[in-house]
Amino acid sequence: MIKKVVIIGAGNVATHLSKAIKNAGFEILQIVSRTEESARALGTLLDVQYTCNPAEINAEADLYIVSVKDDAIATALSTFNLPKDALVVHTAGSVPMDILKEFSSNIGILYPLQTFSKAKDVNFKEIPVYIEANTQESTSKLLQFASAFSDRAKEVNSSMRAQVHLAAVFAC
C-alpha cells in the first residue's frame, strides 16, 4: 500500500498532482527539484520538506513520482541513489516506461491527461489518470493510489497511453 510519496519535480504537473495527493490524505515526504527556488516554493505551499540536493533524497517513500520535462526524466534520475526496489513512476504521456528500468526493478507510469498551469486550479477528481506498471502488484498499488484523488483512474497499456496522448495533443 502506498502511504508516503516523494515528488521529483516542481513544475505545473508536479504542483497540481502534489496538491491532489496531499488532499487525498497521503504523506508527501519531500519535494525534490533542480533549483532551490522551485523546490522551496512547492515545499512551502504544501508545508513539506524540500531539497535540490540529490544526495538528500528521502529513502523511506513507498512511491517516487518523477514529474519533470519528458526529455529530462533519465537525466534527473541518474543523479539520485534510490532504493533499487522502490516503486518509481513518471508522469509523461509519450515516454516509455522502460526508461525507468535502470533505476529500479519496480516501475510504472502515472499519467494525468490534462494540460496544467500553476495559475489555474483544477478538480483532480475529474481528470483521467492512466496507470501502467511492470508488475501486477505495482499496477494494483498505483490504481488504488490514483483512485484516491481521481474518479477516472484507469489501467492502460503503452499503446493505449500513446494513442490517448497523441489524441490529446491534437485536441489541445
Side-chain angles (χ1 to χ4, degrees), residues 1-33 38 42 45-46 48 61-74 76-77 82 86-101 103-104 106-172:
M1 176 182 272
I2 295 169
K3 294 180 181 180
K4 299 176 182 179
V5 181
V6 167
I7 307 291
I8 301 170
N12 293 336
V13 175
T15 297
H16 287 285
L17 184 58
S18 297
K19 291 192 307 190
I21 289 167
K22 186 164 183 173
N23 289 339
F26 296 98
E27 181 181 0
I28 298 177
L29 297 177
Q30 188 177 49
I31 301 295
V32 183
S33 183
S38 59
L42 186 52
L45 176 70
L46 299 172
V48 299
D62 302 313
L63 175 64
Y64 294 83
I65 300 174
V66 184
S67 186
V68 298
K69 292 180 182 178
D70 295 5
D71 60 356
I73 294 170
L77 281 173
L82 298 175
L87 179 51
V88 179
V89 301
H90 70 66
T91 60
S94 63
V95 177
M97 178 172 53
D98 288 352
I99 197 169
L100 303 172
K101 280 194 315 193
F103 307 107
S104 179
N106 214 0
I107 59 174
I109 294 173
L110 182 76
Y111 170 51
L113 182 64
Q114 176 75 28
T115 300
F116 294 97
S117 163
K118 285 185 186 176
K120 185 178 178 195
D121 284 333
V122 296
N123 180 356
F124 230 99
K125 280 288 192 187
E126 297 174 357
I127 296 173
V129 177
Y130 295 107
I131 305 300
E132 185 179 359
N134 67 332
T135 68
Q136 189 54 51
E137 180 183 359
S138 293
T139 300
S140 295
K141 285 180 180 180
L142 286 173
L143 196 53
Q144 182 181 21
F145 173 72
S147 294
F149 55 84
S150 171
D151 291 337
R152 299 178 63 192
K154 180 180 180 179
E155 179 184 353
V156 297
N157 62 35
S158 294
S159 176
M160 290 171 58
R161 182 174 46 84
Q163 290 173 3
V164 167
H165 178 71
L166 185 60
V169 168
F170 279 117
C172 206

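Computed from a predicted model, the values in this text were never measured in an experiment. Residue numbers count from 1 along this sequence.
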- Message: Treating His16 as the side-chain partner and Phe124 as the backbone partner, does any N or O pair qualify as donor plus acceptor under 3.5 Å?
- Response: no
- Test item: Ile65 and Thr91 side chains (from C-beta on) under 4.5 Å apart, heavy atoms: yes
- Message: By the definition side-chain contact (heavy atoms from CB on, under 4.5 Å), identify the one residue from Thr15, Val13, Ile21 that meets it with Ile7.
- Response: Ile21
- Task: I would like to know whether Glu126 and Asp151 meet side-chain contact (heavy atoms from CB on, under 4.5 Å); could you show each step before the answer?
- Result: CA-CA 6 Å; Glu126 297 174 357; Asp151 291 337; over 6 Å; no
- Query: Once you round to the nearest 0.5 Å, how far does CD1 of Ile131 lie from OH of Tyr111?
  - Reply: 12.5 Å
- Message: Using every non-hydrogen atom in the two residues, find where Leu100 and Val88 come nearest and quote the distance to one decimal.
- Response: CD1-O, 3.4 Å
- Task: To the nearest 0.5 Å, tell me how far Ser150 OG sits from Ile127 CD1.
- Result: 7.5 Å
- Task: Give, for atom CG of Leu42 and atom CD1 of Ile28, the distance between the pair rounded to the nearest 0.5 Å.
- Result: 7.5 Å
- Message: I need the minimum non-hydrogen distance between Ala148 and Ala24, along with the two atoms involved.
- Response: O-CB, 3.6 Å
- Item | Glu132 side, atom CD; Glu155 side, atom CD - distance, nearest 0.5 Å | 8.5 Å
- Query: What salt bridge (Lys or Arg N to Asp or Glu O under 4.0 Å) pairs are there with at least one residue in residues 137-150, not counting sequence neighbours?
  - Reply: Glu137-Lys141
- Task: Output yes when a side-chain donor or acceptor of Lys101 lies under 3.5 Å from a complementary backbone atom of Ile107, and no otherwise.
- Result: no
- Ile109 vs His90 side-chain heavy atoms within contact, under 4.5 Å: yes
- Message: Looking at every heavy atom in both Glu27 and Leu29, which two are closest together, and how far apart are they?
- Response: OE2-CD2, 3.3 Å
- Looking only at heavy atoms, what is the nearest atom pair of Ile2 and Phe145, with distance? CG2-CD1, 3.6 Å
- Heavy-atom donor-acceptor pair, Ser104 side chain to Ala86 backbone, under 3.5 Å: yes
- Message: Tell me whether Ser138 contacts the main-chain N or O of Asn134 through its side chain, where contact means a donor paired with an acceptor under 3.5 Å.
- Response: no
- Message: Donor-acceptor check, side chain of Asp62 to backbone of Lys4, threshold 3.5 angstrom: yes or no?
- Response: yes
- Ala146 and Val129 have their tightest heavy-atom pair at CB-CG1, 4.0 Å
- Task: Considering non-hydrogen atoms only, spot the tightest contact between Ser67 and Ala14 and give its length.
- Result: OG-N, 3.3 Å
- Item | Gap between atom NZ of Lys19 and atom CZ of Phe149 - 0.5 Å precision | 14.0 Å
- side-chain contact (heavy atoms from CB on, under 4.5 Å) between Leu63 and Val6: does it pass, once the steps are laid out? CA-CA 6 Å; Leu63 175 64; Val6 167; over 6 Å; no
- Enter the distance from Ile31:CD1 to Ile8:CD1 here, rounded to the nearest 0.5 Å. 10.0 Å
- Would you say the ring centroid of Tyr64 lies under 6.0 angstrom from that of Phe103? no
